[in-house]
Amino acid sequence: QIQNIQMFLKQIKSLNVGQRYISGCNNKIFQGAKEALFDVKDGDTLGMGGFGIVGIPEHCVQALVEKKSKRLNIVSNLAGTQDWGIGLLLQKHQVRKMNASYVGENPLYEKQYLKGEVEMNLIPQGSLAEKLRCGSAGIAAFYTPTGVATLVEKGGFPAKLGKDGKSIEKLSRPKEKTQFGQRFYLLEEALHVDFALVKAYQADKKGNLRFRKTARNFNLDLAGAGKVTIAEVEQIVDEIPPEQVHFPGCFVDRVFEGTNFQKKIERLRIDKGEGINFGKMDKERMEKRLRIINRAAKELKDGMYCNLGIGIPSLASNAVKADLDLQSENGLVGLGPYPKENEVDHDLINAGKETVTANLGSSFGRSSETFGMMRGGHLHMTMLGGLQVSTEGDLANWIIPGKIVKGMGGAMDLVASGAKVVVTMEHTSSGGVHKILEQCSLPLTGKSVLTRVITDMAVFDFTSDGMMLVEIAPGLTVEAVKANTSAKFKVAKEVKVM
């Protein structure tokens with residue numbers, strides 16, 4: 001172990017920019033997280049793999065807490081939970097800046113951001129994965145349609161608030177936009193980190209890695225983007241058969257075997273044969289949700305590849321009768337129902353961090369592959385939730401400034417795919433506030449991207465003739481829909497019953 005460290009220190013002094021030290025094939029194994037992280041300094045940029053809390057380098061996080069590292073710049077898809085993962089570093093105020101796509105599961109981070117204690121750099125999830133992949137592959141930048149006509153393009157998002165929680169110390173910067181063919185694209189630069197901290201199932205002595213199920217996620221894209229890549233694993237074996245290697249040891253510098261992995265489950269969901277569980281929701285709202293879910297399920301057809309977002313869209317999968325493949329943005333194609341109690345797997349979740357199963361013929365992949373399916377037009381449809389939609393087919397669903405800061409997650413990538421985009425949401429929010437407007441008042445997820453909106457009151461299509469009412473809930477009139485809709489819309493010649 002001492003020889004490993006001495007060799008590293010000797011070599012690192014003579015490196016030029018862009019070079020890596022020679023770890024060799026036989027000296028990558030470290031005793032534990034503390035030893036592997038020996039040279040992490042205050043202010044370093046650390047990348048952390050995982051989706052939710054699946055596939056996170058939990059021993060590395062614990063070691064950083066004990067090391068009392070300060071002013072860390074974290075690159076990660078999510079911000080963990082309040083009491084696990086990156087949340088442990090936030091508890092000790094060790095994080096200076098978060099570069100993430102979605103932070104909505106961690107109220108502690110949201111609170112610290114709104115109090116001006118930490119900086120936030122929100123990046124669309126697919127762009128984040130590709131930025132890391134490019135950093136790993138030596139590609140300086142790339143163009144993507146994700147984020148066009150949003151704050152990602154225009155800049156101006158409050159990246160850092162003042163201590164009063166109202167003044168703004170730093171705004172996000174605008175991005176370069178270029179037209180290729182009939183579409184506009186944004187220039188995104190590659191991401192590099194000082195240390196890439198990943199979690200794998202197995203490693204061999206040459207650093208080759210093997211992962212389990214949806215624990216691949218961001219780990220594979222991140223692993224090559226670090227100046228130093230550290231893998232914590234459940235098992236170190238003599239050799240992983242070449243055809244079973246998911247990530248080559250060429251990219252990996254240090255490996256250690258963890259013990260007593262907790263592998264917590266963020267949202268345990270069990271199929272008890274009782275149908276959809278709405279918790280403590282009142283009967284009227286539950287009936288609204290069921291109407292949306294049952295209507296949304298009719299959109300799913302045999303032979304489709306379809307992405308279902310978190311919330312109502314995910315619940316629609318429980319009502320589907322079609323033979324299709326559901327894609328989850330954390331790397332699973334062939335999403336199955338909730339598991340029976342004896343089928344629960346810590347490493348198998350959906351995009352909502354719920355325990356699920358994988359259907360026969362399913363597959364697992366890295367995050368950049370998942371979002372390549374979206375942007376590349378390989379999915380037939382995407383279905384997601386909404387906070388507001390406009391008469392022009394604009395969607396807002398990722399932030400309420402000054403109140404709710406969740407992040408865009410994968411939504412901007414999904415609506416930029418060019419596939420059929422269906423939004424499911426309640427027609428009005430609590431108190432009867434309208435959600436279908438002439439113009440969205442909240443920051444946009446995408447502009448003129450919607451194909452259809454399904455609510456508890458109606459179904460609208462977005463056509464070349466404008467926004468069109470095509471279906472209405474049983475017992476309602478067109479006048480009742482108009483009274484609850486601020487946007488102007490046309491009425492189809494034949495309005496069907498939902």
Practice problem: For residues 430-447, pull every pair meeting salt bridge (charged side-chain N to carboxylate O under 4.0 Å, His left out), keeping only residues two or more places apart or in separate chains. | Solution: D394-K447
Those residues that, when tested against [X], pass side chain to side chain contact (heavy atoms under 4.5 Å, CB included) (two or more places apart):
| X | answer |
| --- | --- |
| E343 | P339, K340, T357 |
| F184 | V148, K177, Q179 |
| R291 | D456, A473, M498 |
| N73 | T45, R96, K97, N99 |

Measure the spacing between [atom1] of [X] and [atom2] of [Y] and express it to the nearest 0.5 Å.
| X | Y | atom1 | atom2 | result |
| --- | --- | --- | --- | --- |
| L171 | L151 | CG | CG | 10.0 Å |
| E369 | F364 | CD | CZ | 13.0 Å |
| L332 | T214 | CG | OG1 | 7.0 Å |
| L395 | L444 | CG | CG | 8.0 Å |
| I265 | K353 | CD1 | NZ | 15.0 Å |
| M98 | M120 | CE | CE | 8.5 Å |

Practice problem: Classify the angle between the aromatic ring planes of F251 and F247 as parallel (below 30°), tilted (30 to 60°) or perpendicular (above 60°). | Solution: tilted
Exercise. Give me the ring orientation class for Y113 and F157: parallel if the planes are under 30° apart, tilted from 30 to 60°, perpendicular past 60°.
Key: parallel
[X] versus [Y], closest heavy-atom pair with distance:
| X | Y | value |
| --- | --- | --- |
| S368 | D221 | OG-OD1, 2.7 Å |
| A296 | T424 | CB-CG2, 3.9 Å |
| E232 | F261 | OE2-CE2, 3.1 Å |
| M467 | I436 | CE-CG2, 3.3 Å |
| M381 | M383 | CE-CE, 3.9 Å |
| G386 | V423 | N-CG1, 4.0 Å |

Practice problem: Go through the steps for T463 and D461 under the test side-chain hydrogen bond (donor to acceptor under 3.5 Å, both in side chains), then give the verdict. | Solution: CA-CA 6 Å; T463 71; D461 282 348; over 6 Å; no
Between [X] and [Y], does any side-chain donor sit less than 3.5 Å from a side-chain acceptor?
| X | Y | answer |
| --- | --- | --- |
| Y338 | E354 | yes |
| N217 | S367 | no |
| Q262 | E58 | no |
| T428 | N484 | no |

Quiz prompt | Residues forming a salt bridge (charged side-chain N to carboxylate O under 4.0 Å, His left out) with K111, sequence neighbours excluded | solution = none
Self-check item: Partners meeting salt bridge (charged side-chain N to carboxylate O under 4.0 Å, His left out) with E188 (sequence neighbours left out)
Solution: K131, K175
Do [X] and [Y] make a side-chain contact, defined as non-hydrogen atoms from C-beta onward lying under 4.5 Å apart?
| X | Y | value |
| --- | --- | --- |
| I270 | V344 | yes |
| I454 | I312 | no |
| H427 | K288 | no |

Exercise. Hey, could you give me each pair passing side-chain hydrogen bond (donor to acceptor under 3.5 Å, both in side chains) that has a residue in residues 370-389? Not counting sequence neighbours.
Key: Q388-S441
Quiz item: Which pairs, with at least one residue in residues 406-417 and sequence neighbours excluded, count as a side-chain hydrogen bond (donor to acceptor under 3.5 Å, both in side chains)?
Solution: T146-D413
Quiz item: If you measure from the Lys or Arg side-chain nitrogens to the Asp or Glu carboxylate oxygens, is any gap between K263 and E234 under 4.0 Å?
Solution: yes
Self-check item: Contacts of type side chain to side chain donor-acceptor pair (under 3.5 Å), residue S172, not counting sequence neighbours
Solution: none
Quiz prompt | Under the side chain to side chain donor-acceptor pair (under 3.5 Å) test, residues paired with K170 that sit two or more places apart | solution = E119
Donor-acceptor contacts under 3.5 Å from residues 82-92 side chains, at least two apart:
{"residue": "D83", "atom": "OD1", "partner": "T81", "partner atom": "OG1", "Å": "3.3"}
{"residue": "Q91", "atom": "NE2", "partner": "Q82", "partner atom": "O", "Å": "3.0"}

